[in-house]
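This report concerns only the one structure given below.
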Amino acid sequence: MNHPIRQNSFKPPKDLAEYPVGTAFPSGHLVETNASWRSHRPIIDALRCSKCLICWLLCPDGVIHSSKQGGLEIDYDYCKGCGICARECRQKAVTMEKEGL
Amino acid sequence: MGNRTEKKISIRELSDREYFYGHKACPGCGGSLALRLALKVLGERSYAVVPAGCMSAVSFIFPQMAFTCNAIISTFPGTASMLSGVAAGARALGIKDFHAVGFAGDGGTADIGLQALSGAIDRHDKIIYICYDNEAYMNTGVQKSGLTPLGARTTTSPAGKRLRGAFTQKKPMFEIVAAHGIDYAATASVGYPMDYLRKLEYASRVEGTSYIHVFAPCPVGWGYETAETIALAKNAVDCGLWYLAEFSDGKFTLNHNPGEFSSLRDYLFGQSRFIHLQEEDVNTIISERDAKWANIHRAWRFS
Amino acid sequence: MLEQKAFLSGNEAVAAAVRLARPHVIAAYPITPQTTVIERLAEMVEEQSLKAEYLHVESEHSALSACIGASAVGARTFTASSSQGLLYMAECLHYASGGRFPVVMMNANRSLALPWNIYGDQRDSLSLLDCGWIQAYAEDAQESFDLIIQAYAIAEHPDVLTPMMINLDGFVITHTYELVSLPAQQDVDAFLPPFQTTNKMDLDHPMSLGFTAGPAFNQSFKQLQHLAMMAAVTVIDEVEARFRQFFGRHYPGLLETMHCNDAEFILVTLGSVAGTVRPVIEKLRSLGERVGFVRIRYMRPFPDAEIRKALAGSKAVGVLEKDISFGFEGTVFTNVNSALMRTKVVPPRLRNFIGGLGGKDIAAADIEQIFERMKSTDDGESVEFI
């Protein structure tokens, strides 16, 4: 995996001694997801997908990744459901489905 | 830009490593894509300097840090000066093979950050300065900047009976940095990502100051559906309101000749910031566009 | 110890000290009367007696912004400014202290426009007392030199990590030539090891700096900043003790006292005017008058306890300063008063004397007049201009 994942074990500082020095903190440190922002969820149809990677290239959040199985998968923790992947897919392999249905 | 410097990047060559992940930018944000792609090209030995503005506000919220490379927020006017300091400090400490790259918005570049940018270009400091242009102060709620286009409605250039949106033209930032004799400058659009990636790759090899001005639509500020960001960014180029060009060795080169322009009205009226425009306003925008292109055809080379 | 002596102006002494401290990056913008510092440094870089990156920036804001950037990769930095330039830096002053970047700066104290004036008063630095920088005020060229060397040791101390501003009265110190002792490079190197910090961007361990901290966390960062400044009180003592071991010269901490133990009338001031006050004190003492003198060396951290101790038992205290907070009183007076309010017996009379604005001369006779006013029991004006 070439992207950070949520740090579930992180505890925010309580005492002053637990605070960082200055304003410096490790990069790629995520404690929250963005999943709740999404009203629609992109679904990739593996049969239609040509793996051209244009959706991966154009995703503002970088949440589309090559899966171990060889296809593409979406990190729904950080997908905001903007729909750029579906709009730009030349194979029409991505559909936007309403969340919670 | 002769062929010796051409080096196209293919999608498959691009790093799968994410350097800007889990940020809080709005869905469909063009600026965040510009930033993400740039860091993929520049890589892990990058020091990113990001002034106060959208991209810093969404990515350094203690304890959530969305950059995975080294990054620092600068003062609003201080993108270029801090970049110079980072580069000078790293050089003095003997650090090799690094990029000092800045990501400032249109206001942070063309307005409050222009003086420091001018100084850095004048020194030919080895920095890469990327202006992601979403044509207004978006982070503070869509106020007019020096790069807001003629006629655009913002919260400080309202569309009323007397004034119909912004009554000034975009400052010609590309030409302004070129007039400094900058080592390399380019315009780009997230609607033409491969062109943008090639320019980033070139900038990474420039011994001196690079400036890339990338057109980056904002669904919230412009009023369009989030999925349309890339299409709109492409459309801006195709209808002639934006252009893809480079400046190096003292010469301007146009990289993409749209030939016959696509419909400017379709571009404008696909965004709520322009829906108030009247026929005479559109005609003014068309004549300004045509005058710009007449200059381009007269003075610039074509690649 | 291989010391040399040279006839240097205050500015040249600062430049000589900066060279010995081996900064990696110098970024500065010219303003009278700071200019000769950055001119000498440019010459040192040109002749390679100082191996530093010298950035010709286009403003003071950029000067300090560049120093912060360099500090954020772990570099040692120096800048210098004055007056309007210091004000133009104001945003970056707060930024450097909030980010805990131990930049060292020389400020040539100069009047603020309007009306325009290039001569010395202290309204520039004192109006920025709250920007989170350690503020020291030198009395002469030697102290200016020594404070620069000490400043890096204090500012970069891991308990402190706070930027430091060394203030020299414009022209009176910056352009006056004195014999200055210059230690050897090897001794300064031993006194001042290279800057080490974890508060930086690091290619092996990527870090995000200068972040946002919301209401749940923000105040804790500010509290830590305050505690770091307070920790400087101890660190300044330690650094001065080590400095004495290395170079022989002794400094008395946050403030210096003269004849305060049995004094009835004590004058408090700071900066170069101390040189005018000392002979007046000696003269009045020789006439049997129980007068004393306090020279504040550090305005931040403020010598709170030291002020109370020095002024205890006096009948009247006068504060002479080259600044005013319009509509109230001098800022130094406000600070001294605040410290005194925490003692059981406040000196019966507290008088504030404002002088030297825009370079107005303060003569020995003025100091004698100030002591006369301190003896007077009338209520007088809350602020008296001399």
Side-chain angles (χ1 to χ4, degrees), chain A residues 1-7 10-13 18-20 22-40 42 50-67 72 75 77-89 94-96, chain B residues 9-37 39-40 44 46-48 58-73 190-191 193-194 196-197 216-217 219 225-234:
Chain A
M1 201 177 307
N2 237 340
H3 61 86
I5 55 168
R6 184 183 178 185
Q7 306 286 311
F10 177 75
K11 298 269 188 295
E18 294 170 5
Y19 274 75
T23 50
F25 205 60
S27 291
H29 187 270
L30 304 181
V31 298
E32 297 175 350
T33 70
N34 298 330
S36 65
W37 293 27
R38 196 170 53 233
S39 63
H40 289 74
S50 68
K51 301 186 188 66
C52 73
L53 299 178
I54 196 75
C55 58
W56 166 77
L57 182 74
L58 297 177
C59 175
D61 293 275
V63 296
I64 302 170
H65 309 289
S66 297
S67 71
L72 295 176
D75 179 355
D77 274 355
Y78 292 100
C79 169
K80 296 167 186 157
C82 70
I84 287 176
C85 50
R87 173 72 170 78
E88 298 299 328
C89 178
V94 188
T95 50
M96 300 300 292
Chain B
I9 289 188
S10 75
I11 289 189
R12 283 174 207 287
E13 278 176 76
L14 203 56
S15 169
D16 70 344
R17 185 149 165 201
E18 298 297 339
Y19 293 98
F20 193 52
Y21 202 84
H23 55 77
K24 303 285 183 184
C26 307
C29 168
S32 62
L33 176 60
L35 205 155
R36 171 182 168 247
L37 292 179
L39 288 171
K40 278 183 177 289
E44 64 184 358
S46 296
Y47 299 106
V58 303
S59 54
F60 293 76
I61 311 161
F62 177 80
Q64 176 113 342
M65 301 297 150
F67 281 86
T68 66
C69 59
N70 283 291
I72 182 169
I73 305 183
V190 295
M194 304 318 290
Y196 176 46
L197 294 173
E225 290 295 323
T226 57
E228 298 299 317
T229 292
I230 307 302
L232 207 55
K234 182 171 183 300

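Residue numbers begin at 1 in each chain, while the letters A, B, ... track the order of the sequences.
- Remark: side-chain polar atoms of A:Glu32 are not paired, donor with acceptor, to backbone N or O of B:Gln64 under 3.5 angstrom.
- Between the OH atom in B:Tyr21 and the CD1 atom in A:Ile5 there is a gap of 10.0 Å [rounded to 0.5 Å].
- Taken to the nearest 0.5 Å, the CG atom of B:Leu33 stands 7.0 Å off from the CD1 atom of A:Ile84.
- Here the closest non-hydrogen pair linking B:Cys29 and A:Pro60 is O-CB, 3.5 Å.
- Looking at B:Leu197, the atoms closer than 4.5 Å to chain A (heavy atoms on both sides) all sit in the side chain, from C-beta outward.
- Looking at B:Leu37 and A:Leu57, their side chains come closer than 4.5 Å, going by heavy atoms from C-beta outward.
- Relative orientation of the A:Tyr19 and B:Phe62 rings is parallel, given thresholds of 30° and 60° on the angle between their planes.
- Interface remark: A:Pro4 contributes backbone and side-chain atoms alike to the contact with chain B (heavy atom separation under 4.5 Å).
- With a 4.5 angstrom heavy-atom cutoff, B:Ser59 does not touch chain A via any of its atoms.
- In this structure, the portion of B:Arg36 lying under 4.5 Å from any heavy atom of chain A is its side chain and not its backbone.
- For A:Pro20, the part sitting under 4.5 Å from any heavy atom of chain B is the side chain, from C-beta outward, and nothing else.
- Put simply, of B:Ala71, B:Pro27, B:Ser32, the one with the most heavy-atom pairs under 4.5 Å next to chain A is B:Pro27.
- No part of A:Ser66 comes within reach of chain B, as not one of its non-hydrogen atoms sits under 4.5 angstrom from that chain.
- Looking at B:Ala231, both its backbone and its side chain come within 4.5 Å of chain A, counting heavy atoms on both sides.
- Counting heavy-atom pairs closer than 4.5 Å to chain B, the top-ranked of the candidates A:Ala86, A:Gly28, A:Cys79 is A:Gly28.
- Per-residue counts of heavy-atom pairs under 4.5 Å with chain B were compared for A:Cys59, A:Cys52, A:Cys85; the largest is that of A:Cys59.
- To the nearest 0.5 Å, the span separating CZ on B:Arg12 from CH2 on A:Trp56 amounts to 9.5 Å.
- Atoms CZ and OG, on B:Phe20 and A:Ser27 in that order, are 11.5 Å from each other to the nearest 0.5 Å.
- Under the 4.5 Å side-chain criterion, counting only non-hydrogen atoms from C-beta, B:His23 is in contact with A:Asp61.
- The shortest heavy-atom contact between B:Lys24 and A:Asn34 is NZ-OD1, 2.8 Å.
- The contact between B:Pro193 and chain A is made entirely by side chain atoms (from C-beta outward), counting heavy-atom distances below 4.5 Å.
- Between B:Gly22 and A:Tyr78, the shortest heavy-atom contact is CA-CD2, 3.5 Å.
- Between A:Cys82 and B:Gly28, the shortest heavy-atom distance links the atoms CB-N, 3.2 Å.
- Rounding to the nearest 0.5 Å places OG1 of B:Thr226 at 10.0 Å from NE2 of A:His40.
- Side chain of A:Arg87 to main chain of B:Thr229: no donor-acceptor pair is present (N/O by atom type, distance under 3.5 Å, no hydrogens or angles).
- Rounding to the nearest 0.5 Å places CD1 of A:Ile54 at 4.5 Å from CD1 of B:Ile11.
- With chain A as the partner, the residue from B:Ala34, B:Pro63, B:Cys69 showing the most heavy-atom pairs under 4.5 Å is B:Pro63.
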